[in-house]
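Here's the structure we're looking at; comments come further down.
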There are 2 protein chains.
Amino acid sequence: MTSRAEAADMPDDGEIKTPDRLRRRASRLLSQMTAQSDRLTNEGLAQADARKWHYAALASLQEYGPGSQATLSRRTGIYRSDMVAVLNELAERGLVERAPDPGDRRRNVITITAQGRRHLHCLDKVLDDLHEELLAPLLPAERDQFVDLLTRLVDHHTQQAHRAP
Amino acid sequence: MTSRAEAADMPDDGEIKTPDRLRRRASRLLSQMTAQSDRLTNEGLAQADARKWHYAALASLQEYGPGSQATLSRRTGIYRSDMVAVLNELAERGLVERAPDPGDRRRNVITITAQGRRHLHCLDKVLDDLHEELLAPLLPAERDQFVDLLTRLVDHHTQQAHRAP
DNA sequence: TTACATCGTTAGCGCGACTAACGCAACAAG
DNA sequence: CTTGTTGCGTTAGTCGCGCTAACGATGTAA
């Protein structure tokens, strides 16, 4: 019989007693934080007529150079099947060029255009602001460490996943 | 004033300003990490015939006592509309009891059963293991700090969100 | 009474992660 | 040359989560 809090009528959260295994679970915290992060990101990118995937594709093109759709897919983590639509949208806007690879007729070679680079630069600014807003409550040193810890976690788990198949 | 690269027209960046900005963005890292976390969590909970929402509902019931569906909804962050199905599934399994509130005929009072408490205890063990697996690459001190930083971030943003409407 | 707020419930949208399956092209082995 | 395997682009569809809209029934306040 847990007879501590009756709360039969109006519990109405005012002060929480911190028994807290709901609030300190990494999985839950990550979900909540990512929900917020995604919301902000989508909001910001929507004002630039873009989505997260657009940014990932463009950035990977600029950093690692042109490549086939499958290559882009591996670089960004976007699935091959979803890449199609992303590149359609980017090509429609003239941010990217899709040309058949003469050396391998199965492939398309995707290249970022000048307009694409301009757009990417704009998106970068948006995301920089968002990054700051996201980590606002942390001190500069803490932000770095947070990013560092997260990077190590992600690296570890993606390595792990890549070793499985 | 950021006087590094002006980039009024052509944002050159050969190797001056091109770290992996794809890999160090908090939003992207969070997405990837949460994807992995969610995958593991769902996998683990599936083996106990449960989902994340089931755990959240049960844990909140045990920690804060019985309450109406709307109360549970506010405590867990699960939407009222989704709570229905969650409680249906929990009630089907006999983990929870749903009874009309005699004091307010709009409400249902949700109570966790003995079996529900047992099940919750089991889920807790599963999630503890997962928590450890998730943070495996970090040292104990780092894990604490990671959770701490995350908690502060989440708190800040949920406060922010609660002040908006 | 009128007006508004809250509750449980149903239905549906959008998005991100993921699978299945197709047809085509490349390539290596027999 | 055929045959099997592998990789490619594409289409379609699944599933879960977060979220909105609307309903009828009930409670509360003007």
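Naming: A, B, ... by sequence-line order, numbering from 1 per chain. Please read all numbers here as calculations on a predicted model, not as lab measurements.
Protein atom CG of B/Leu72 is 16 Å distant from nucleotide atom C1' of C/dT6, rounded to whole Å. C/dG8 atom C1' lies 8 Å from atom CZ of B/Arg80, rounded to whole Å. Whole-Å rounding puts the B/Asp38 CG to D/dC15 C1' distance at 13 Å. Nucleotide C/dT9 holds its C1' atom 13 Å from the CD1 atom of B/Ile110, rounded to whole Å. For the pair A/Arg98 CZ and D/dC8 P, the interatomic distance rounds to 15 Å; values are reported in whole Å. Atom pair B/Gln69:CD and C/dT9:C1' shows a separation of 9 Å (rounding to whole Å applied). D/dC8 atom P lies 12 Å from atom CG of A/Asn108, rounded to whole Å. As a whole-Å value, the separation of B/Tyr79 OH from D/dA21 P is 11 Å.
Looking at A/His131, its side chain does come within 3.5 Å of a backbone N or O of B/Ala26 through a donor-acceptor pair. Put simply, the side chain of B/Arg93 gets close to the backbone of B/Glu89: a donor and an acceptor are under 3.5 Å apart.
Taking the nucleotide of DNA chain D with the nearest heavy atom to each of A/Asp104 and A/Asn88, the more 5' of the two is matched to A/Asp104.
B/Val84 and B/Val86 fall into different hydrophobic clusters, where Ile, Leu, Val, Met, Phe, Trp and Tyr are joined by side-chain heavy atoms under 4.5 Å apart, directly or via other members. Hydrophobic clustering (side-chain heavy atoms under 4.5 Å, transitive across Ile, Leu, Val, Met, Phe, Trp, Tyr) groups A/Leu150 together with B/Leu138.
Applying the 3.5 Å distance criterion, the base of D/dG27 shares no donor-acceptor pair with the side chain of B/Arg106. In this model, no side-chain donor or acceptor of B/Arg105 finds a partner on the base of D/dT26 within 3.5 Å.
You'll find that the side chain of A/Asn42 is closest to C/dG16, out of D/dT10, C/dG8, C/dG16.
Contact annotation for A/Ala70: backbone-only contact, meaning every heavy-atom pair under 4.0 Å involves sugar-phosphate atoms and none involves a base. B/Ser81 comes within 4.0 angstrom of a base, heavy atoms only.
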